[in-house]
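These figures come from a predicted structure and were not determined experimentally. Residue numbers begin at 1 in each chain, while the letters A, B, ... track the order of the sequences.
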Amino acid sequence: MPEGPSLVILKEALAPFTGKKVTGVEGNTRVPLPAIKGKKITAIKTWGKELLICFPEFTIRVHFLLFGTYRINERKDMAPRLRLSFGKQEINFYTSAIRILYEPLNEIYDWSADVMSPDWSHRKAMAKLRNIPGTLVCDAILDQRIFAGAGNIIKNEVLFRIRVHPATPVGKLPARKRSQLVKDVVDYSFLFLEWKKAYVLKKHWLIHTKKICPRCNIPAHKAYLGKTNRRTFFCDNCQVFYD
DNA sequence: ATACATGTTGGAGC
DNA sequence: GGCTCCAACATGTA
């Protein structure tokens with residue numbers, strides 16, 4: 001569920017709820033909720049891995065973390081973290097982090113940092129990377145302030161596609177490679193979206209979870225790299241370590 | 001069954 | 001005060 005493209009799929013699924021009035025609120029979230037009942041959803045948005053359910057005076061932010069799930073007009077066999085009812089319809093969120101935002105979203109979100117946004121700025125991402133020369137590329141791609149929505153799968157696949165070793169420091173990347181990296185995080189995220197919609201995402205993984213490099217046909221590596229210490233799959237032979 | 005996985009956070013420690 | 005690190009969280013799957 002958690003990477004940005006999956007949130008776009010959810011946003012599209014929830015679009016029909018825009019304009020609908022909440023008739024019931026339940027759930028085991030311990031976050032203090034404002035009066036939601038009787039209010040109408042004004043918009044459904046996303047920023048990176050966050051779902052934003054907008055109301056006139058506040059926004060419900062849902063983050064699915066690692067295990068979060070949802071059901072629309074269905075229920076799981078588990079108490080929901082938050083359930084919003086709309087007459088006979090309902091939206092259920094499980095195992096997710098709920099937060100209420102009172103600030104105007106434009107004041108707290110930089111839409112140009114969201115890889116799935118039409119406002120995405122290649123130039124700003126390049127500038128942010130220039131500021132962190134010592135950071136490893138495997139960590140930089142997971143930095144939500146730079147690539148909001150990119151997750152571990154996108155990280156592994158992009159580095160394999162552009163043939164860059166995950167332990168390369170950002171500052172050692174040739175300028176052209178850095179630009180290619182920024183571009184491919186976005187390009188791959190949109191491929192991810194289309195494949196996920198068609199239920200064929202896994203089938204397209206080139207290196208993520210793989211034991212053999214599909215290009216070299218030799219054993220691939222699995223290691224926990226960077227400050228993020230996340231599972232990283234790569235090929236020593238065809239992914240260049242710049243130093 | 002035990003470990004691990006598409007992720008973030010808050011508080012301790014420096 | 002600010003930065004970094006890591007334990008904590010939580011559920012389905014292999």
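- Put simply, NE2 on H165(A) and SG on C238(A) are 10.5 Å apart, with the number rounded to the nearest 0.5 Å.
- Each of K202(A) and K227(A) lies near DNA chain C, and the nucleotide nearest K227(A) is the one positioned closer to the 5' end.
- Considering only side-chain N and O atoms, K155(A) lies nowhere under 4.0 angstrom from the phosphate OP1 or OP2 of dG7(B).
- In terms of position on DNA chain C, the residue among K76(A) and L65(A) whose nearest nucleotide sits closer to the 5' end is L65(A).
- Inter-residue side-chain proximity for L136(A) and T168(A) is flagged as unmet; no heavy-atom pair is nearer than 4.5 Å.
- Partner assigned to dT6(B) is none, using Watson-Crick or G-U wobble distances below 3.5 angstrom.
- As judged by a 4.0 angstrom heavy-atom cut-off over every strand, R81(A) is placed among residues making no nucleic acid contact.
- Between F233(A) and H221(A), the ring centre distance reaches or exceeds 6.0 Å.
- Checking the phosphate oxygens (OP1, OP2) of dT8(B), no side-chain nitrogen or oxygen of R99(A) falls inside 4.0 Å.
- Nucleic acid contact for R145(A): none, since no nucleic acid atom lies under 4.0 Å from a heavy atom of the residue.
- When the nucleotides dG7(B), dT11(C), dC5(C) are ranked by their closest atom to the side chain of M78(A), dT11(C) comes out on top.
- Remark: R176(A) engages no residue in a salt bridge (charged side-chain N to carboxylate O under 4.0 Å, His left out) (not counting sequence neighbours).
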